[in-house]
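Heads up: the structure comes next, in structure tokens.
Convention: sequence-line order gives letters A, B, ...; per-chain numbering from 1.
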Number of protein chains: 2
Amino acid sequence: MSTISKVAERAGVSRTTVSHVINHANRVSKPLREKVQAAIDELGYSPNPQAKSLRTGRTNLIAMLIPDIGNPFYTEMVKAAQAALEEAGLDALIYNTDVPGGNWQTHGRDYLRQLSRKRVDGLLVGDFALHGITEELLKLDTPTVFIGHLANQAVDSVKIDDFGGGYMVGEHLARQGHKHVVQVTGPELFESAMARADGFEQALKDNKIRFSRKQRYLGSYLPPSGREAAQWIATLSGDDRPSAVFVGNYLMAMGLLAEFHDQGVRVPKDIAVAIFGDLPQLEYVRPNLTRAGENPGALARRAVEMLLDRLNGKFDGPPRTEVIPCALRIFESA
Amino acid sequence: MSTISKVAERAGVSRTTVSHVINHANRVSKPLREKVQAAIDELGYSPNPQAKSLRTGRTNLIAMLIPDIGNPFYTEMVKAAQAALEEAGLDALIYNTDVPGGNWQTHGRDYLRQLSRKRVDGLLVGDFALHGITEELLKLDTPTVFIGHLANQAVDSVKIDDFGGGYMVGEHLARQGHKHVVQVTGPELFESAMARADGFEQALKDNKIRFSRKQRYLGSYLPPSGREAAQWIATLSGDDRPSAVFVGNYLMAMGLLAEFHDQGVRVPKDIAVAIFGDLPQLEYVRPNLTRAGENPGALARRAVEMLLDRLNGKFDGPPRTEVIPCALRIFESA
DNA sequence: AGACGCATGCAAATGGATTTGTGAATGCAT
DNA sequence: ATGCATTCACAAATCCATTTGCATGCGTCT
């Protein structure tokens, strides 16, 4: 592998000049610049990024912390973030905090600490509602954008309008004439889960539909709990029997639909289903689910924009909080 | 951020000694070691990884090249590979070669070239059957493991037994008494797609079931082509009408099932469906699909093992080629 | 007592690129 | 022709950690 010295020798100039050709082209006269460029091309030279980092203090690395890349919601985010970062010449390091068998409560914090040793230029932290993580974020001296609901405004953040999306679904079900509905939410630890649930219930209230806490099933955001929720729904009979169910995310909906199928429950004939969240793969799920949400990629793209604004000094005010609106899309399921 | 010099000053020793405490602990006497360690802890020091890389020539970075992380097959691989790499203290850089709108034929090659500038310690290259990529691999001086079928044995490689898996499905359908079947394959460029198809057809042949090229639908490995395949199947009537279909991967199966649903075609009543591939999310797809395959995570884990063997000199013979066997899992769809 | 070996700690060289400060050369105006 | 302002190129310092080779001191063996 060739170094800047070899290029300099070959071109008959000093290392400084070679560096200028690469980084401040206009400081070098055209003929000389071309001579140096020729040497660079002949040797197939490219600057050693580690040496460059050492000198400049920038690594061109962004770390992205998410719970689980196997969750399509986060996969979409990663994909979009990577594409956006790559355009800016930055590489992404992805960290799954929810390591199988690991204790995820402490994991996020450990990761945050580990990360400070890696000297990344910026951080994208996905919502995972860890206790103590917000204080930890305050301590960081790395530009950070939090994706999700951040109670203390320690750093920039961007989230989907969970409440609004839940509201849209509630309103839709009300207009469809449903009188008795249930919902399957994510875990209480997740702000997003509670906001979706609250929005949904607010819409019911505004439409004069009775709803009690008993009609809430507290899930985990994962498929098995969707399945369990479906089993719970099967136990409801008489006046308690719902004509529609609102599911808090995609993965639980998959579990729920599978269980309904196995039990011979037909959607929407026997029960209507609407969910929060919009993902590309929903295009091929049948029955096609009525849903409110936004592609997570939009979220990630905005997060990257905010991060880049910080990195290149385009913005340096106090932490910003942004909200991405939801859209309601109606299909056969409800 | 504190440096090794500050630690040395604080502990009243030379930089060398601090370095030894960190990297060759036994070369430093216990009392001194403890004194230095105390200084390290007080200052919260950790070595600058860039400086370390510059000196040692190792970056602790592994690059992973895959077509599209949105494809669950590759998501699983990434997840497993990252977990395995992390255990070894290595970070993974993920590159999606199939950038939207990009020309993927040339992209893979460009990426490979780009990567040589990043100075990663190792490479995991996912199957994407690009022309010219195998020659490019030969030129690399970076330890590499290719995941998929590699015609020239330029580097280590590991793949799933595509042929065997296809064979299992063909045999199963034959035993179920199907006399006329069709199959939906991946693109010709993918060795894996052709191997699955060939295995399938070989099994039919061995079971004396007639099969002609007309019964092959050449898909793209993506959902829309599964949908189109379903439409094609709907046009087959009379003697051409199949009682079963073999689909080459998960994504095309999703498209096919959606189209069947929309057309009112019932699985397995009207037509049986079996696929190649096993992914966690199939657990929640209904009807539950009969399938032959292996979780891509196993593939990735083995690939990482092979790569680590190269990196720490545990193995340095000629390139190895390994094959991971498939298993047949029978469910309601066929 | 002298020679030798071992454990221990340090100074200095090394890796590769960027950047500051300086001197030389050129152009323009007087 | 002289003085001043630019432009251009370079030497050397810097970023931080690792590692080689050397110096010191202590104990052991002959």
Side-chain angles (χ1 to χ4, degrees), chain A residues 1-41 43-61 89 91 116-121 141-142 312, chain B residues 1-41 43-61 89 116-121 141-142:
Chain A
M1 192 100 312
S2 48
T3 71
I4 198 172
S5 297
K6 289 189 195 159
V7 174
E9 192 183 358
R10 174 134 190 166
V13 298
S14 75
R15 304 207 305 277
T16 311
T17 307
V18 179
S19 178
H20 277 150
V21 168
I22 297 171
N23 301 298
H24 314 278
N26 55 326
R27 291 175 93 84
V28 179
S29 68
K30 200 172 174 187
L32 191 56
R33 195 194 316 158
E34 281 164 356
K35 195 169 70 175
V36 172
Q37 189 58 53
I40 290 177
D41 294 342
L43 293 172
Y45 166 76
S46 76
N48 180 312
Q50 278 73 39
K52 184 168 180 162
S53 290
L54 182 57
R55 184 63 238 245
T56 61
R58 294 194 65 161
T59 58
N60 289 330
L61 286 175
D91 280 319
S116 61
R117 342 208 122 195
K118 309 248 180 192
R119 324 275 162 122
V120 295
D121 287 346
D141 49 355
T142 308
N312 54 34
Chain B
M1 191 102 314
S2 47
T3 71
I4 198 172
S5 297
K6 289 188 193 157
V7 174
E9 192 183 0
R10 174 137 192 164
V13 299
S14 76
R15 304 208 303 279
T16 311
T17 306
V18 179
S19 178
H20 277 149
V21 169
I22 297 172
N23 301 298
H24 314 278
N26 55 327
R27 290 176 93 83
V28 180
S29 68
K30 201 173 174 188
L32 190 58
R33 197 195 315 159
E34 281 165 356
K35 196 169 73 177
V36 171
Q37 189 58 54
I40 291 177
D41 293 342
L43 292 172
Y45 167 76
S46 76
N48 180 312
Q50 277 72 42
K52 184 169 180 160
S53 289
L54 183 56
R55 185 64 240 249
T56 63
R58 294 193 66 160
T59 57
N60 289 331
L61 286 174
S116 61
R117 343 208 122 193
K118 309 249 180 192
R119 322 278 162 121
V120 294
D121 287 346
D141 49 357
T142 309

Lys35(B)/Ser29(B) under side-chain contact (heavy atoms from CB on, under 4.5 Å): CA gap, chis, key distance, verdict
CA-CA 10 Å; Lys35(B) 196 169 73 177; Ser29(B) 68; over 6 Å; no
Under the side-chain contact (heavy atoms from CB on, under 4.5 Å) rule, what do Asp121(B) and Asn60(B) come out as? Steps first, then yes or no, please.
CA-CA 6 Å; Asp121(B) 287 346; Asn60(B) 289 331; 4.0 Å; yes
So for atom CD, which belongs to Gln37(B), do other residues, nucleotides or ligands contribute more than 12 heavy atoms lying within a distance under 6.0 Å?
yes
Considering residues, nucleotides and ligands other than Arg33(A), do more than 12 of their heavy atoms fall under 6.0 Å from its CZ?
yes
Measuring from the side chain of [X] (C-beta onward, heavy atoms only), which nucleotide among [options] has the closest atom?
X: Leu54(A); options: dT19(D), dC16(D), dA11(C); result: dC16(D)
X: Ile4(A); options: dA12(C), dT18(C), dG9(C); result: dT18(C)
X: Ser29(A); options: dA9(D), dT18(C), dT8(C); result: dA9(D)
X: Asn48(B); options: dC16(D), dA17(C), dA11(C); result: dC16(D)
X: Arg55(B); options: dC15(D), dC10(C), dA17(D); result: dA17(D)
X: Pro47(B); options: dA11(C), dA17(D), dT18(C); result: dA17(D)
X: Arg15(B); options: dA13(C), dC10(D), dA17(C); result: dA13(C)

When we call it a touch if two heavy atoms are under 4.0 Å apart, what does [X] touch: a base, just sugar-phosphate, or nothing?
X: Thr17(B); value: sugar-phosphate
X: Val28(B); value: sugar-phosphate
X: Ser19(A); value: base
X: Val18(B); value: nothing
X: Ile22(B); value: nothing

Please tell me which of Ala51(B) and Lys30(B) maps to the more 5' nucleotide of DNA chain C, matching each residue to the nucleotide holding its nearest heavy atom.
Lys30(B)
Round to a whole Å and report the spacing from [atom1] of [X] to [atom2] of [N].
X: Gln50(B); N: dT18(C); atom1: CD; atom2: P; result: 14 Å
X: His20(A); N: dG21(C); atom1: NE2; atom2: C1'; result: 12 Å
X: His24(B); N: dT18(D); atom1: NE2; atom2: C1'; result: 7 Å
X: Leu32(A); N: dA25(C); atom1: CG; atom2: P; result: 16 Å
X: Asn23(B); N: dT20(D); atom1: CG; atom2: P; result: 12 Å
X: Asn60(B); N: dA17(D); atom1: CG; atom2: P; result: 15 Å
X: Arg119(B); N: dA17(C); atom1: CZ; atom2: P; result: 7 Å
X: Leu43(A); N: dA17(C); atom1: CG; atom2: P; result: 12 Å

Does Lys52(A) place a side-chain N or O at less than 4.0 Å from the phosphate oxygens OP1/OP2 of dT18(C)?
yes
Taking only side-chain N and O atoms of Tyr45(A), does any of them lie within less than 4.0 angstrom of OP1 or OP2 on dG16(C)?
no
Checking the side chain of Thr17(A) only, and the main-chain atoms of Val13(A) only, is there a donor and an acceptor separated by less than 3.5 Å?
no
Tell whether Thr16(A) reaches the base of dT19(C) with its side chain through a donor-acceptor pair below 3.5 angstrom.
yes
Could you say whether Ser5(B) or Arg27(B) is positioned toward the 5' end of DNA chain D, judged by the nucleotide with the nearest heavy atom to each?
Ser5(B)
